[in-house]
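Keep in mind the model is a prediction, meaning the values are calculated, not measured. Letters A, B, ... mirror the listed sequences (proteins, then strands); counts begin at 1.
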Amino acid sequence: MEALIASAIAVLGGSGIYLVLRARTFTVILGLALLAIAVNLFLLSMGRVAPGHAPVIEEGLELGAYVDPLPQAVVLTAIVIGFAMMSFAVVLAITAHFVTGTDHLDGEETS
Amino acid sequence: MSVLLILMLPFVGILLPPLLQRQGRLAATLGAGIPTLLAFGLLMSLGPSVLAGEVLLASREWVPAMGLTAGLRVDGLGFLFATMTLGIGLLVITYAHFYMKKDDPLGRFYAYLLLFMGAMLGIVLSENVLLMALFWEITSLSSFLLIGYSSHDSEARRGARMALAITGLGGFCLFAGLVVLGQIAGSYELSVILASGDLITSHDWYVPMLVLVLLGAFTKSAQFPFHFWLPNAMKAPTPVSAYLHSATMVKAGVFLLARLHPALAGTSPWFFLVGGVGIATMFFAAYVAFYRHDLKGLLAYSTISHLGLITALFGFGTAGAAVVGVFHIMNHAAFKASLFMTAGIIDHQTGTRDIRILGGLRKAMPFTMVLALLGSAAMAGIPLFNGFISKELFLKETLDLPLMAGAPWVFPVVATAGALFSMAYSVRLVHGVFFKDPTEKTPKEARDPSMGMLVPVGILVAICVIVGIAAEQTAGPLLAAAAGSTVGGELPYYSLSLWHGFTLELLMSAIAIGGGVVLYLQRARLYEIADRWPQLTGQMAFEKVQGLILSFAEGLTARLENGSLQRYIVLLLGMALVAGALPFLEHGFVTGTAELTPTNPVAIAVWALLVVATLATVFTHRSRITAIICLSVVGLLISIIFVYLSAPDLALTQLSVEVVTILLLLLALFVLPKVAPPESSTLRKIRDATLAAIGGAGMGLISWAVMTRPQDSISDYYLENATYPVGGGTNVVNVILVDFRGFDTLGEVAVLVLAAFGVYTMLRYARHTHVEGVDDMASDRYPVVLVSVSRPLLALILLMALYIFLRGHYLPGGGFIGGLVASVALILQYLASGIDWAKERMGVSFRYVAVAGVLLATLSGGAAFLVEQPFLTMTLLGLKIPLVGEIDYVMTLLFDLGIFLAVVGGTMTILSQLSHMQEDREPFDEEARAKETDPWKP
């Protein structure tokens, strides 16, 4: 299972990086979305793989019965911030499109 | 205590002149003068004990953790310098009142002057050397302001910049040197440093430390080859020159030499560096001064020369020479300040400072002539004036230098030659201005100035004469006290009397005085020769170096920063990959030994779908709607993975964020093109794919390495304390968010709200801009089924959101998730029924909701202050509510409600503003557009 998660992170991260390197603003935003997902999964994987051990306290269970809650708290806010960042980027792209007349990342159509 | 008060008075006084200048120039002058006078009076009250040899210390804690104290110290040397700083400061303040232009309200001028004065006092009264370095920097900065006071004059600005560059660079070296010194001595307190001279001079780091400290002293005191900033600083108003270049700024360098004399002096590196540079500067600058035609230029080089003389004396390293050095500091301050002021008077009354134009002023300006004559006589070292005694003692010291036993004649010869030129330029100053026939008319009709300008000069000249006649009786006690702290032990025998019999130094003096007169008489021929020589000055070298540095920086910037964002991203990613790869290369990659979790067919299926959807997003990215659909599949699969990984909160969050994200991207395509042109070359694609593969593989490998190792987390604390009585909940993720790490959460919702406001501001501008080719979808009819289903759904989803929010502390849910679900419910109405319909019914602007949310969260955290608990203490208040039951953690609930509101407000501000984009767009109107303030173009 760990190999599946690690390879999924690799595919998501690599795809994100590739899209971020493209020349159009919207594509870069798509890349950021994929990269954010990859990073979130990466952070969560720091808490290890433990199916069926949700960190909700129940009477009589040992500490080992719960998965590490801290990465989850970190990722939860990261998801929300990721949305905030992405909406800012989207609007930046729209405004840049208005101002420069192109959606090229460099603000001008180049070769 | 009064020491601290003396130091604080000028700094406090800074405010007075600018505030008082509306009441007139006199008020501004008094505003500067009275704090100075008070400080001077306080200082004098310390006089008796300091002259008796006491060292007054006052200290308070600065950074106790590092063992730093902000100590002040008044000993003889500090007292002498503080007296000069405040005393001459008073005279300069008086003089400036009459000298400065009548339309200058003087508030700013005096404020700078007091800032400088306070900093200078700080240098001379510091016990801690780091504190001294701090004040040292302030003098560099405030002298920049003073020299560039006539900021409309480009020459003044240039001079100020040069002074700042040279003295600032020196200050940096000094700071480094003092840190090394402190490390060697084991303390930054002067008392300790001065007592550990042997330890310091025998230390391995002595020479590097000495060079650094001396760079600081030499740049400040304008020693060769750093001298050239001083003549360029002559663009300053003359009162500033009189102050900075006689008693204060440039004296800080020699003060440092005197201050550290007991700890650093007496070695051969010290002798050759300090003595050598000093004597060379003394001769060189005296020579140059003789050729200056500008009065202030002549005095500037003369100042450099005399500073060289003082530096050389300290460089000799003997106690006797140090005494003479301190004595000459006093004498030079008196006569040079008076001469700068005299030069200012001549400039003020005639309109020129050029010696070639001036002449014959003895009739028109008799008082000025007398004062200038007496001041120049002191500068030249004529008997019966103070300059004579210290120069005579200096010449005597050059005769007895053990380290020059191989060539004992070098120093005496150079010193005599320097003194000879010194005599020559002094004669030139007096004769050229007052006696020789004028060559042309001066711009203004010359006459003596008002008493206000003459009196300060008169006081200084009187000091020169009185000290010259009866040195021991007048300056003796102060000199003994100051020299005592410079020497750091018993004072050697010295005599300040005028007549020492027929000695070798008397002969040297006579040669200098006679030769100087002869030299002056031959001046025409000398100028002719000098004109034939090529001009090569330190200033030219400085400007050359400055130009080289600038063009190098410009070239580098142009190469790195060509304006292409795409390129920056590649560079940034490349650097990140290199940084990430380095540990792998150093330590290798090792898989851990922990037991792996068994896999199952469902997981493999989800994994395969995820990989396919991700790659599909990449391959379809040019047809954007398809790419968005693929991306949404990725998001859904991720929330399934979160469920599998025991993260129900994350699954809920991801699911609701996914909805708003996809909506956001679709809204963006209202404006942005829906299809991207193919443009990357194959080569570029290969390069990017390689980078992407390395980056992705790196992330995967690191997470693999971590997941295959056993875990040791700090989270046990959270798990143990999540429930009553600390956290009071069972959903540990939520307890961490609202309680343990509540401060983080507060910051994060603030970021969300800030982003929403950024979006709002940018779109307000964009809404009024017309763009060709945007689809007009506003006219489409809203689908009936969606409209009729969405309205009852609203109530249901909102109820659901409330439920998720309320249960969050115990079961998966909470403010974040509830807020997102509520946002989905609301945005559905926008989609189904249109902006206008929805907006009419919302009743409140979402921006206010967002702000209210952040405020509520902050206040609920701040409530803890009322009972003197730390910020965000949640266990404050329990409530009994009928029907609902007992709620123990009211503050937690309020905080989470704040998050809920902030998330709803932020998300809805973003989405509703984007929806407005194509609804509100006004018809294109160039005129209306032009009337709008355009925030994007200057």
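Between chain B and the options A/L35, A/V28, A/V56, heavy-atom pairs under 4.5 Å are most frequent for A/V56. Per-residue counts of heavy-atom pairs under 4.5 Å with chain A were compared for B/N731, B/L664, B/N600; the largest is that of B/L664. Contact tally against chain A (heavy-atom pairs below 4.5 Å) for B/A697, B/A594, B/G696: the top residue is B/G696. Contacts with chain B were tallied for A/P55, A/P71, A/S7, A/A84; A/P55 has the most, counting heavy-atom pairs under 4.5 Å. Between chain A and the residues B/A647, B/G695, B/A627, B/P812, the most heavy-atom pairs under 4.5 angstrom are made by B/A647. Annotation: maximal heavy-atom pairing with chain A below 4.5 Å, among B/L701, B/I694, B/T599, B/N734, occurs at B/T599. No other option in A/A8, A/G82, A/A93, A/A54 has as many heavy-atom pairs under 4.5 Å with chain B as A/A54. Between chain B and the residues A/S15, A/G13, A/A38, A/G31, the largest count of heavy-atom pairs under 4.5 Å involves A/S15. With chain A as partner, the option from B/I604, B/L811, B/T661, B/L667 having the largest number of non-hydrogen pairs under 4.5 angstrom is B/T661. In terms of non-hydrogen atom pairs under 4.5 Å with chain B, the most contact-rich of A/V80, A/V11, A/L76, A/T25 is A/L76. Of the listed residues (B/V706, B/I714, B/I569, B/T690), the greatest number of heavy-atom pairs within a distance under 4.5 Å of chain A belongs to B/V706. Per-residue heavy-atom pair counts under 4.5 Å with chain B were compared for A/A73, A/G52, A/A33, and the maximum is reached by A/A73.
Using a 4.5 Å cut-off between heavy atoms, B/L596 touches chain A through backbone and side chain atoms alike. Using a 4.5 Å cut-off between heavy atoms, A/I37 contacts chain B through its side chain alone, with no backbone atom that close. B/R741 touches chain A through its side chain: at least one heavy atom from C-beta onward sits under 4.5 Å away, while N, CA, C and O do not. For B/V749, no part lies under 4.5 angstrom from a heavy atom of chain A. Within the 4.5 angstrom heavy-atom criterion, atoms from both the backbone and the side chain of B/L645 approach chain A. For chain B, the nearby part of A/I29 is the side chain; its heavy atoms alone come within less than 4.5 Å. In this structure, chain A has a heavy atom under 4.5 Å from the backbone of B/P710, while its side chain stays farther away. Residue contact with chain A, scored on non-hydrogen atoms closer than 4.5 Å, involves the side chain of B/I641 exclusively. Contact of A/V20 with chain B is made through backbone and side chain together, with heavy-atom distances under 4.5 Å. Both the backbone and the side chain of A/A3 have a heavy atom closer than 4.5 Å to some heavy atom of chain B. Within the 4.5 angstrom heavy-atom criterion, only side-chain atoms of A/L44, from C-beta onward, approach chain B. Of the atoms belonging to A/L70, heavy atoms from both backbone and side chain fall under 4.5 Å from chain B. Only the side chain of B/W607 comes within contact range of chain A, with at least one heavy atom under 4.5 Å from a heavy atom of that chain. Both the backbone and the side chain of B/L719 come within less than 4.5 Å of a heavy atom of chain A. In this structure, the portions of B/T907 lying under 4.5 Å from any heavy atom of chain A include both its backbone and its side chain. Only the backbone of B/Y810 has a heavy atom closer than 4.5 Å to any heavy atom of chain A. For A/L12, the parts lying near chain B are the backbone and the side chain together; criterion is any non-hydrogen pair under 4.5 Å. Both the backbone and the side chain of B/L650 come within contact range of chain A, each with at least one heavy atom under 4.5 Å from a heavy atom of that chain.
B/R624 places no side-chain N or O within 3.5 Å of a backbone atom of B/L666 that could act as its donor or acceptor partner. Of the possible donor and acceptor atoms, one in the side chain of A/R48 sits under 3.5 Å from a partner among the backbone N and O of A/M46. The backbone N or O of B/A756 lies less than 3.5 Å from no partner atom in the side chain of B/Q913, so there is not a single donor-acceptor pair. The backbone N or O of A/A50 sits less than 3.5 Å from a side-chain atom of B/S646, completing a donor-acceptor pair. Although no hydrogens or angles enter the test, the distance criterion places a donor-acceptor pair under 3.5 Å between the side chain of B/T745 and the main chain of B/L737.
Side chain to side chain, B/E658 and B/S632 fail the donor-acceptor criterion of an N or O pair below 3.5 Å. In this structure, a donor-acceptor pair under 3.5 Å is present between the side chains of A/D68 and B/Q711.
Listed here is the closest heavy atom pair of A/R24 and A/H104: NH1-N, 3.7 Å. B/L752 and B/A902 make their closest contact through CD2-O, 4.0 Å (heavy atoms, listed as atom of the first residue, atom of the second, distance).
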Apply the test side chain to side chain contact (heavy atoms under 4.5 Å, CB included) to residues B/L669 and A/F26: give CA-CA distance (whole Å), side-chain angles for both, the deciding distance (0.1 Å), then the verdict. CA-CA 9 Å; B/L669 287 192; A/F26 189 80; 3.8 Å; yes
Please walk me through it: do A/F42 and B/I702 pass side chain to side chain contact (heavy atoms under 4.5 Å, CB included)? CA-CA 9 Å; A/F42 176 86; B/I702 295 172; 3.8 Å; yes
Does the pair B/F816 and B/V733 meet the rule for a side chain to side chain contact (heavy atoms under 4.5 Å, CB included), with working shown? CA-CA 12 Å; B/F816 274 115; B/V733 175; over 6 Å; no
Derivation and outcome, side chain to side chain contact (heavy atoms under 4.5 Å, CB included), residues A/I79 and A/F83: CA-CA 6 Å; A/I79 293 174; A/F83 168 69; over 6 Å; no
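Relative ring orientation between B/Y718 and B/F740 is described as tilted, the plane-to-plane angle lying within the 30° to 60° band.
Salt bridge absent: B/R567 and A/D106 never bring a charged side-chain N and a carboxylate O closer than 4.0 Å.
From A/L21, atom CG reaches atom NZ of B/K685 across 13.5 Å, with rounding to the nearest 0.5 Å.
Put simply, the side chain of A/R22 reaches to within 4.5 Å of the side chain of B/D688, judged on heavy atoms.
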